[in-house]
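Let me begin by presenting the structure, written as structure tokens, before commenting on it.
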Amino acid sequence: MQSMAEAIGLAIALVLSGDADLLEIVWLSLHVSLTATAIACLIGLPIGALVAIARFRGRSAVLIVMNALMGLPPVVVGLLVYLQLSRSGPLGFLGLLYTPTAMIIAQTILITPIIAALSRQVLEDLHSEYAEQFRSLCLTRMQTVQALLWDGRYALLTVGLAGFGRAVAEVGAVIIVGGNIDHLTRVMTTAIALETSKGDLPLALALGIILLVIALGVNACVQSVRMTAARHAYV
């Protein structure tokens, strides 16, 4: 059994040496999470914008559902995607189970409600500020949505970063639909869980260090974007 100091030293050495297996896991993690975040933004931002400007019967219920879906349990999402992609499921013929694509689907389903709900709040506040101006210009609903998405781009970027942070740290859904297969579907979070259970602390700690750096980087980007947005607001 390695001492903690020895394990940390080996972990730092793995990170600094650019270990091939380590980089492969990190690259797959970033590929899956960034792709899922991009797709979730393409879906969630327009939904958030439309709900922000629309007034219709049952809107309160829609908002409740949107906010509730932000707390979707990852293992439930993973199970639902698994049932759809398994051989006996309706999409089993696609052969996507235990592939990075299945992991992207699961993460997209998981973070799309988060992006939609957060963007709805941002854009609703922005719309209330410019509502009279939009009416005076006789903008269509689509033109209003486009204007809001552009004017709120800095705040929406923080929403996207929040979605990415949630995706890259997720483990429950991706391990169900991805299977944690070496050199195919093993990402940072699932590898950390596996290597810790195997007692390979250096690799687990190395991945943990990189994941922490990514998390800190995302938070730094969010703070930077907020400061940029604040400066532009007073220009």
Using the rule that two of Ile, Leu, Val, Met, Phe, Trp, Tyr join whenever any of their side-chain heavy atoms come within less than 4.5 Å, decide whether [X] and [Y] are in one cluster.
X: Ile43; Y: Val62; result: yes
X: Val171; Y: Leu212; result: no
X: Leu28; Y: Leu23; result: no
X: Leu94; Y: Val177; result: yes
X: Ile105; Y: Ile181; result: yes

Are any side-chain N or O atoms of [X] and backbone N or O atoms of [Y], one a donor and one an acceptor, separated by less than 3.5 Å?
X: Arg153; Y: Trp150; result: yes
X: Thr108; Y: Ile104; result: yes
X: Ser29; Y: Met188; result: yes
X: Glu170; Y: Val174; result: yes
X: Thr190; Y: Val187; result: yes
X: Gln107; Y: Ala36; result: no
X: Thr158; Y: Ala155; result: yes
X: Arg59; Y: Ala54; result: yes
X: Thr35; Y: Val32; result: no
X: Arg186; Y: Ala191; result: no

Do [X] and [Y] touch side chain to side chain, with heavy atoms closer than 4.5 Å?
X: Pro74; Y: Arg166; result: yes
X: Leu85; Y: Val81; result: yes
X: Ile210; Y: Leu22; result: yes
X: Pro46; Y: Val145; result: no

Taking atom CZ as the centre, does Arg57 end up with more than 12 heavy-atom neighbours from other residues, nucleotides or ligands that are less than 6.0 angstrom away? no
Kindly determine whether Leu207 and Val26 satisfy side chain to side chain contact (heavy atoms under 4.5 Å, CB included), including the steps that lead there. CA-CA 8 Å; Leu207 291 167; Val26 172; 4.3 Å; yes
State, to 0.1 Å, how close [X] and [Y] come at their nearest heavy-atom pair, and which atoms those are.
X: Thr185; Y: Gly179; value: OG1-C, 4.1 Å
X: Ala11; Y: Leu205; value: CB-CB, 3.6 Å
X: Val77; Y: Ala106; value: CG1-O, 3.6 Å
X: Ile115; Y: Ala40; value: CD1-CB, 3.7 Å
X: Val75; Y: Gly172; value: CG1-CA, 4.0 Å
X: Ala117; Y: Asn67; value: CB-OD1, 3.9 Å

Mind checking the [atom1]-[atom2] spacing from [X] to [Y]? Nearest 0.5 Å is all I need.
X: Gln84; Y: Ile109; atom1: CD; atom2: CD1; result: 8.5 Å
X: Leu126; Y: Leu149; atom1: CG; atom2: CG; result: 9.5 Å
X: Leu91; Y: Ser86; atom1: CG; atom2: OG; result: 9.5 Å
X: Leu30; Y: Phe164; atom1: CG; atom2: CZ; result: 5.5 Å
X: Leu118; Y: Ile111; atom1: CG; atom2: CD1; result: 11.0 Å
X: Thr99; Y: Leu96; atom1: OG1; atom2: CG; result: 5.0 Å

